[in-house]
Amino acid sequence: QKIERTWTIPDTASAQGITGLTLWIEATDNANQSAQSKSVTLRFTTPEQTLAELAQRQTDIRNKIEQSLQQQREAALPITSGMEMLQQNGELQQQDRDALQSSARNQKNLRSALTQDRNSVKSTLESIAEQLNANNLGETNLAQETQALLERLKQLDSTDLSTAQQSVAK
C-alpha cells in the first residue's frame, strides 16, 4: 500500500531554530509485530551554507590530490633509478627489483585512492558536483572548479597514473 503525505514547512521554522527533520517509518502488521526503518535526516541550509560546506570538502580534496601527486613523484624515483641500473648493468639487483615491486604496489594504491575506490577523490568530487547541481548551485565558481578538478583527474588517470603503473609492472 502506498501512502503519501505532503508537509508544508513553515517559514518560521528556521527562525525557531529548526534546521532539519529526522524521519523514519514505523509499521505494525495484523499480528501486532512492529518494525522501524532507519532514520533519514533532512537538513535545511541556505545556499551560502551549502557552498561553504562543499568548498571545505573541495579544499580537503585539493590537499589529498597534492599529497597523492607528491607520492607519485616519490614513487617514480625507484623507477628512474632502476631504469638507469638496467641500462648500465644489463640487469637489476634484488634490492632494485624489490624497490620496483614496492613502487608498483604504491602506484596501484595511489591510482585506486584517486580514481577507483568507492571513497576515491574522484567519487568525492562527483558527489560535490551532484550536490551543487541538486541545490541549484551548478553555475557557481565552486562548480566550475570542481569540474576542472574532475577533468584534471581524468587526464591524470588516463596518462600519468596508468602509464606509471604499467611501466612499473614491466
Polar side chain donor-acceptor pair, Thr22 to Ser39, under 3.5 angstrom: no
Where Trp24 and Gln36 come nearest, the two heavy atoms and their spacing: CD1-NE2, 3.2 Å
Nearest heavy atoms of Gly138 and Ala143, plus distance in Å: O-CB, 3.3 Å
Ser68 side-chain N/O to Lys64 backbone N/O, donor-acceptor pair under 3.5 Å: yes
Student check: side-chain heavy atoms of Leu153 and Leu114 closer than 4.5 Å: yes
side-chain contact (heavy atoms from CB on, under 4.5 Å) partner of Asn135, the single match among Leu132, Asn133, Leu137: Leu137
From CG (Leu149) to CD1 (Ile65), nearest 0.5 Å: 5.0 Å
Point-to-point distance, once rounded to the nearest 0.5 Å, from CD of Gln147 to CG of Leu142: 10.5 Å
Between CG on residue Leu54 and OG1 on residue Thr59, distance to nearest 0.5 Å: 11.0 Å
Side-chain H-bond candidate by donor/acceptor type, Asp60 with Gln56, under 3.5 Å: yes
Enclosure of Leu23 CG (heavy-atom neighbours >12, cutoff 6.0 Å): yes
Sub-4.5 Å side-chain heavy-atom contact between Glu53 and Gln131: no
Residue pairs involving residues 136-146 (criterion side-chain hydrogen bond (donor to acceptor under 3.5 Å, both in side chains); sequence neighbours excluded): Gln58-Thr146
Test salt bridge (charged side-chain N to carboxylate O under 4.0 Å, His left out) applied to Glu130 - qualifying residues, sequence neighbours left out: none
Results of salt bridge (charged side-chain N to carboxylate O under 4.0 Å, His left out) for Glu126 - residues two or more places apart only: none
Arg43, CZ atom: more than 12 neighbouring heavy atoms under 6.0 Å: no
Beyond-backbone contact of Leu51 with Thr46, side-chain heavy atoms, under 4.5 angstrom: no
